[in-house]
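The shown structure was predicted, so the numbers you read here are calculated from the model rather than taken from an experiment. Side chains included, hydrogens not; waters and symmetry mates left out as well; all remaining heavy atoms used. The sequence lines fix the lettering, A, B, ..., with proteins before strands; numbering per chain opens at 1.
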2 protein chains.
Amino acid sequence: MDDATTPKIASKPRPTKDRLIRAAARLFSNCGYHGVGLAEILAEAQAPKGSLYHHFPNGKSDLALASATWASDEILLLIAASFEPADGFADGAESLCQKLANLFDAGGKWSGCPISSTLLEGPDNAQFHRHAAHLFEGWIAEVEYHALRLGLGKDEAAATAQSFYILLQGGWQLARVRRDSAVIRTLPALL
Amino acid sequence: MDDATTPKIASKPRPTKDRLIRAAARLFSNCGYHGVGLAEILAEAQAPKGSLYHHFPNGKSDLALASATWASDEILLLIAASFEPADGFADGAESLCQKLANLFDAGGKWSGCPISSTLLEGPDNAQFHRHAAHLFEGWIAEVEYHALRLGLGKDEAAATAQSFYILLQGGWQLARVRRDSAVIRTLPALL
DNA sequence: TCTTCTCTGGACCAACTGGTCTAGAACTGT
DNA sequence: ACAGTTCTAGACCAGTTGGTCCAGAGAAGA
């Protein structure tokens, strides 16, 4: 806008579409898809209704899919950042749990899993369910990839990745109930 | 429960209050607290609005608390029924997982945890959160009691009960994502 | 400059939300 | 039979929901 030193394509503070996705992800993971109204999202993102329906022609549901995808990609980055520099699988798992626990604390010790809160609220919407399943299996596949890379056998890697996913989902839920990230930090001991 | 042998005070087909609680529990665990309207609950329970506000003066929120309590009690019964006749903790855990997997299948392979779906949808409602925490800790305490009774040491029993809870929540979630109860049935192997 | 396109701003709407209220049905004990 | 209580039935309401629509601001290319 008023900045001449940065390239003009990236000179905006943050594009409206981006603000909408981030606001939606934050609110949905706190209160669920049905628990958040468009008004609240628009207020948080400081965007008018017209912008929402310009960027997401199908409205709330489009936004939900986009925000879940964005949140999932953030988690994938976290997984990669944890396992890539790790000496072994146990190291990477330990590191990932710490990162997730910090994320939990930063989010007010309340937020739920952004994908399940957003997309898992009803048997009626097949598209939501399919997308959620796709994203979650992506997490498991990413962990499995690193497990293989770090020396685990094929079957062991698959089983470990799935167990780790289960522990993380369950642990995050208990942390939310207790408003305390301690559970998440102790998960590696259970693997 | 069967009607033929029960006293006349309970001989009606099923009291309205009961129908409301069960309908609410079913619907909330599918779509979350905000995802279900009163109209839907009343239709499923075949009750008029007046009855709801007679039995639950504070309306939807009262009903949600009652239905979560009811669902929690059902789970406690399931835990007791699994561990009481068991030879050891592993036996009881195995039995509980089978029962829960059957429950999952019976509910259409879709429903989420009735307590978290109903009470864990926002940082704003402290009463909901406190009640959910109370119910969940009740589950863990019940499992811990049986663990002690079946020979585990004090520390081991507490740790095992908590791990089992985490596995069940995480496993149930993954089963929901995959619409397949297989994950739940394999949980005992992870303990 | 003029034109074209992307994006914003918000007024407006029908449908639905949870909640209130009251008339009376159904059961209770006397 | 009576009176008192419990429960049902649904009309009604104000507030909110997600969604539509279009005038126009702003940027981009000619």
- Query: B/Leu20 CG to D/dT8 C1': how many Å, rounded?
  - Reply: 12 Å

Just the table, please: protein N/O against nucleotides 12-19 of chain C N/O, every pair under 3.5 Å.
| unit_1 | atom_1 | unit_2 | atom_2 | d |
| --- | --- | --- | --- | --- |
| C/dG18 | OP1 | B/Val36 | O | 3.3 |
| C/dG18 | OP1 | B/Lys60 | NZ | 2.8 |
| C/dG18 | OP2 | B/Leu38 | N | 2.6 |
| C/dG19 | OP2 | B/Tyr53 | OH | 2.7 |
| C/dG19 | OP2 | B/Lys60 | N | 3.1 |
| C/dG19 | O5' | B/Tyr53 | OH | 3.1 |
| C/dG19 | N7 | B/Lys49 | NZ | 3.1 |
| C/dG19 | O6 | B/Lys49 | NZ | 2.5 |

- Scan residues 21-29 of chain A against DNA chain C and write down, sorted by residue number, each residue with any heavy atom closer than 4.0 Å; if none is found, say none. none

- Task: Measure the distance from CZ on B/Phe56 to P on D/dC7 and round it to the nearest whole Å.
- Result: 12 Å

- To the nearest angstrom, the NZ-C1' distance between A/Lys17 and C/dT6 comes to 13 Å

- Message: Assess, by modelled atom type and distance only, whether the side chains of A/Ser111 and A/Asn30 contain a donor and an acceptor separated by less than 3.5 Å.
- Response: no

- Query: Under 4.0 Å between a side-chain N or O of A/Thr16 and OP1 or OP2 of C/dT8?
  - Reply: yes

- Task: Output every pair passing side-chain hydrogen bond (donor to acceptor under 3.5 Å, both in side chains) with a member in residues 132-151 of chain A, not counting sequence neighbours, ordered by first then second residue.
- Result: A/Ser72-A/Trp139, A/Glu137-B/Arg178, A/Glu142-A/His146, A/His146-A/Arg149

N/O donor-acceptor pairs under 3.5 Å from side chains in residues 85-92 of chain B, not counting sequence neighbours:
none

- Excluding sequence neighbours, so at least two apart, what forms salt bridge (charged side-chain N to carboxylate O under 4.0 Å, His left out) with A/Glu74? none

- Report the distance from atom CG of A/Asp62 to atom P of D/dG18, rounded to the nearest whole Å. 14 Å

- Query: Over how many whole Å does the gap from B/Leu42 atom CG to D/dA11 atom P extend?
  - Reply: 14 Å

- Query: Counting distance only, does the side-chain N/O of A/His34 pair as donor-acceptor with the main-chain N or O of B/Cys31 below 3.5 Å?
  - Reply: no

- Task: With sequence neighbours excluded, tell me which residues meet side chain to side chain donor-acceptor pair (under 3.5 Å) with B/Thr69.
- Result: B/His131

- Could you tell me which residues satisfy side chain to side chain contact (heavy atoms under 4.5 Å, CB included) with A/Ser117, sequence neighbours excluded, listed by chain and number? none

Indicate every side-chain donor-acceptor pair of residues 43-61 of chain A with a distance under 3.5 Å to a residue at least two apart or in another chain.
| unit_1 | atom_1 | unit_2 | atom_2 | d |
| --- | --- | --- | --- | --- |
| A/Glu44 | OE1 | A/Arg26 | NH2 | 3.2 |
| A/Glu44 | OE2 | A/Arg26 | NE | 2.7 |
| A/Glu44 | OE2 | A/Arg26 | NH2 | 3.1 |
| A/Lys60 | NZ | A/Tyr33 | O | 2.9 |
| A/Lys60 | NZ | A/Val36 | O | 2.8 |
| A/Ser61 | OG | A/Asn58 | O | 3.3 |

- Item | With sequence neighbours excluded, residues passing salt bridge (charged side-chain N to carboxylate O under 4.0 Å, His left out) with A/Glu40 | none

- Query: salt bridge (charged side-chain N to carboxylate O under 4.0 Å, His left out) with A/Asp18: which residues, sequence neighbours excluded?
  - Reply: A/Arg14, A/Arg22

Only distances under 3.5 Å count here; give the side-chain donor-acceptor pairs of residues 93-104 of chain A to other protein atoms, sequence neighbours excluded, each with its distance to 0.1 Å.
| unit_1 | atom_1 | unit_2 | atom_2 | d |
| --- | --- | --- | --- | --- |
| A/Glu94 | OE2 | A/Gln98 | NE2 | 3.2 |
| A/Ser95 | OG | A/Lys99 | NZ | 3.2 |
| A/Gln98 | OE1 | A/Arg185 | NH1 | 2.9 |
| A/Asn102 | OD1 | A/Arg185 | NH1 | 3.3 |
| A/Asn102 | OD1 | A/Arg185 | NH2 | 3.2 |
| A/Asn102 | ND2 | A/Gln98 | O | 3.3 |

- Query: In whole angstroms, how far is the C1' atom of D/dG24 from the NE2 atom of A/His54?
  - Reply: 15 Å

- Is B/His55 near enough to D/dT8 that one of its side-chain N or O atoms lies under 4.0 angstrom from OP1 or OP2? yes

- Message: Just to be sure I understand: a Watson-Crick pair is purine N1 to pyrimidine N3 plus N6-O4 or O6-N4, both under 3.5 Å. Using that and G-U wobbles, which stems of three or more pairs involve DNA chain C?
- Response: C:2-27 with D:4-29

